[in-house]
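Here the structure is a predicted model, which means the values were calculated and not measured. Here is the naming used below: chain letters follow the sequence lines, and residue numbers restart at 1 for every chain.
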Amino acid sequence: MQHYSQDNNSLNPEQKRAIETIEGPLLIIAGAGSGKTRVITHRMAAMLRRSIPQSAILALTFTNKAAREMQVRVAQLVGNSTRMLTVSTFHAFGVQVLKRYIRELGYRENFSIYDQSDQAQLLKETVRELGMEDLRDLRSILTLFSRIKTGQTKWDAETAEFRRLYDEYQQHLKLYNAVDFDDLIVLPTRLMSEVARVREELEQRYRYVLVDEFQDTSRAQYRMLRLLTQNNRNVCVVGDDDQSIYSWRGAEYENILQFERDFPELLEIKLERNYRSTGTILDAANRVIANNTNRKAKALWTGQGESLPIELCYPEDEQQEAEMIARRIKSLAATEGLRYDDIGVLIRTNSLARTLEEAFLAENIPYRISGGQSFFQRQEIKDLIAYLRLCANLNDEIALLRIINVPRRGIGKRTLEQITARAEHSGQTLYSTISELVHAADSPLSTRAVDDLRAFFDLIERYRAQLLAGGKKPAQALEAMIAEIDYWSYLVMEYQHNDKIAKWKYRNLDLFVQMVRDYQNDPDNLDVGLYDYLNRITLNARDDQDDSEEDGRLNLMTIHAAKGVEHEVVFLAGVEDGVIPHQRAIADNPANLEEERRLFYVALTRAKRRLIISSCRKRKLMREVVETAPSPFLEEIPAELLTVVEAEDVVPAESAADFFRMMKERVR
DNA sequence: ATCGAGCAGCTTTTT
DNA sequence: GCTGCTCGAT
């Protein structure tokens, strides 16, 4: 398709070397578009050909999507099933380890995984319990907790006031038999360093470890990796410091330097030949990223000669920008025979998506959006999952609190307060307190409250038995439960003004049941149960769509989500000062400017052939329209690589009226 | 116990 | 311009 993409059978000498070096530590610095994925998958295939058993190989990726793709590609290369090969994210791997060994830490195997909204819920509850009125910024507190837990931050005078809250938060997690995302990394690490048997078993099994997107590993992840590999020393990491864009989540590309120190005998290979982009695009990207200090020297080059200039245009506002992009996409599809899925529209923040989506809808362009709210984050789905989670782990208080009165069953604030007080007093979990109250002869609650509670208790007990009993089909049980709790009536009640929403939500429940059914019918999942499914859902929060069914669609995504992706044509929208670099990102720390530049670099290098950048003169941000200036990064692209296009030239007219006037003139 | 009005805070990125 | 939360009224 692309005349300059790499031939399927040929590998350049560096790639070959990377693939054939199987033993010992290996550091691959892989520039954008240098065939990184290709090298990793071929390397794994080479390992298998040398009779290294699948089960001895562990490949760690950054997203679930990347993991799936890698697994498929290796399977294609070896022409065989790769079921015993472990390809997963750090977090999913952590779950596996915890499932096997978490007892050593005093948890049980049916632990729940708390995502950020569960965490926020738990934090709120903890704040309330400690009687701290000052709710302040929950999110920044959670960020602090995360940094404490992963060892990025230590308690100091400034943060001391939250220490008690943190301890309490931790205690609650344990009591609920729940772990948060950071625990998925931190607890396995602790297990490996504190329990000799765990580490021995793991390193005996995983004798060969690969890590993709190494520049985005956190310190905690690196610690885990080092423990796992420092005896075997067969560890291959692949990364590019110029593409490190997750420092806000704890990524430290300095891990590359640490790796060199910890594995001094390593072999370092640089992949600098770019097979993806035209010379123009690559040149622009190189020039931009050269403005960053503190990077590993690297010179990407391509065999490609001259090519299309990068287009730059300045629409009046986001409306005009969106229309321009939509029409341009249509004309590209018509004149150049491009498929919509050859095109990517990249944005810095999710909030920019809406206007673009409207324009695509208006122009009938099928699109898919990655990022944004996931299916599993929707209220109705979270409700259902909470039921399942409670059945799986009766201690999961966050799940219990979510659904104890959803749909309404008469267990209101007062009743709940009484139960909570009692539970706190006796140091027991809410659920066992409920069990006690339901069975007790004398109860401080009214008869009616007890009856309502008993109905709830019985419901959970019954479905718990059904859902967990081997052989029984969870999907059927789930379906029966939805009917029994009459979630439909609940939706009708809640959305009486808008039965469309109610219907839509109910349909989502159906979809969810279908997903559970598909999962339980998949022969690959025969040996796994409800817990595994729930865990998988939590970890798969974002990329949950069936990509296979989405062929032929335009890709609209954040730059973060675009990592590892490439497109023939890339539109880069909203390239304004304050959007990229994002104002918030540089406000608290000017050093973040370099990360914003890397982000811009990643965006540029997604394009193979054509790059179209737009920067609006005005933009509606929050509630008001503000004048915007072009991103300073644009000045870092040499002018001769750019051609400025008038938005009006691309878009026939600003309004329908103008459009018709023009048409008339033409006819005349 | 439930509902609705009014208000606050928010939109940086995600496993 | 939206969501989620609190509080007061029923």
Check whether the side chain of A:Trp248 and the base of B:dT13 form a donor-acceptor pair under 3.5 Å.
-> yes
A:Gln119 CD to B:dT15 P, in whole Å, measures 14 Å
Has A:Thr89 got a side-chain N or O lying under 4.0 Å from the OP1 or OP2 atom of B:dT14?
-> no
Phosphate oxygens OP1/OP2 of B:dT14: is one of them under 4.0 Å from a side-chain N or O of A:Asn64?
-> no
Polar side-chain atom of A:Asn291 near backbone of A:Val288 as donor-acceptor pair, under 3.5 Å = yes
side-chain N/O A:Asn350 vs B:dT14 OP1/OP2, d < 4.0 Å = yes
So, A:Lys36 and A:Glu213, do they make that salt bridge, N to O below 4.0 Å?
-> yes
Among B:dT15, B:dT14, B:dA1, find the nucleotide with the atom closest to the side chain of A:Ala561.
-> B:dT14
Separation of atom CD in A:Gln121 from atom P in C:dC5, rounded to whole Å = 7 Å
Please confirm whether A:Phe111 and A:Tyr176 have ring centers closer than 6.0 angstrom.
-> no
Check the distance between B:dT14's C1' and A:Glu595's CD and give it to me in whole angstrom.
-> 13 Å
Taking N and O atoms by type only, does the side chain of A:His582 place a donor or acceptor under 3.5 Å from a partner on the base of B:dT12?
-> no
When rounded to whole Å, the CG to P distance for the pair A:Leu184 and B:dT15 reads 13 Å
Between A:Phe512 and A:Phe376, how do the two ring planes meet: parallel, tilted or perpendicular, split at 30° and 60°?
-> perpendicular
Answer with base, sugar-phosphate or nothing: what part of the nucleic acid does A:Thr61 contact at a heavy-atom distance below 4.0 Å?
-> nothing
Between A:Glu595 and A:Ser247, a side-chain donor and acceptor under 3.5 Å = yes
Atom pair distance, as rounded to whole Å: CZ in A:Arg619 and P in B:dT12 = 14 Å
Would you mind reading off the distance between A:Asp183 atom CG and B:dT15 atom C1', rounded to a whole angstrom?
-> 13 Å
Short N/O separations, protein against nucleotides 1-4 of chain C, under 3.5 angstrom:
unit_1	atom_1	unit_2	atom_2	d
C:dG1	O6	A:Arg623	NE	2.4
C:dG1	O6	A:Arg623	NH1	3.3
C:dG1	O6	A:Arg623	NH2	2.4

Go through the steps for A:Thr150 and A:Ile185 under the test side-chain contact (heavy atoms from CB on, under 4.5 Å), then give the verdict.
-> CA-CA 8 Å; A:Thr150 57; A:Ile185 308 299; over 6 Å; no
Pairwise 5' ranking along DNA chain B for A:Ile411 and A:Glu596, keeping only the more 5' one = A:Ile411
Looking only at side-chain N and O atoms, does A:Ser351 come under 4.0 Å of OP1 or OP2 in B:dT12?
-> no
Reckon A:Arg584 has a side-chain N or O less than 4.0 Å from the OP1 or OP2 of B:dT12?
-> yes
Measure from CG on A:Asn592 to P on B:dT12 and round the result to the nearest Å.
-> 13 Å
Is the distance between the ring centroids of A:Tyr490 and A:Tyr487 under 6.0 Å?
-> yes
Result for 5'-nearest mapping on DNA chain B, choosing between A:Tyr246 and A:Arg448, is A:Arg448
Do the side-chain N or O atoms of A:Arg249 get closer than 4.0 angstrom to the phosphate oxygens (OP1, OP2) of B:dT12?
-> no
Hey, is the side chain of A:Arg348 pairing donor to acceptor with the base of B:dT13 inside 3.5 Å?
-> yes
Output field: ring centroids A:Tyr246/A:Phe62 closer than 6.0 Å = yes
Base, sugar-phosphate, or nothing: which does A:Phe62 touch, judged by heavy atoms less than 4.0 Å apart?
-> sugar-phosphate
Which of the following nucleotides, B:dT14, B:dT12, B:dC3, is nearest to the side chain of A:Arg408?
-> B:dC3
Rounded to the nearest Å, what distance is computed from the CD1 atom of residue A:Ile586 to the P atom of nucleotide B:dT12?
-> 12 Å
Could you give the distance separating B:dT13 and C:dG4 at their C1' atoms, to the nearest angstrom?
-> 22 Å
Apply salt bridge (Lys or Arg N to Asp or Glu O under 4.0 Å) to A:Arg619 and A:Glu321, showing your working.
-> CA-CA 10 Å; A:Arg619 175 175 296 279; A:Glu321 176 184 51; 3.1 Å; yes
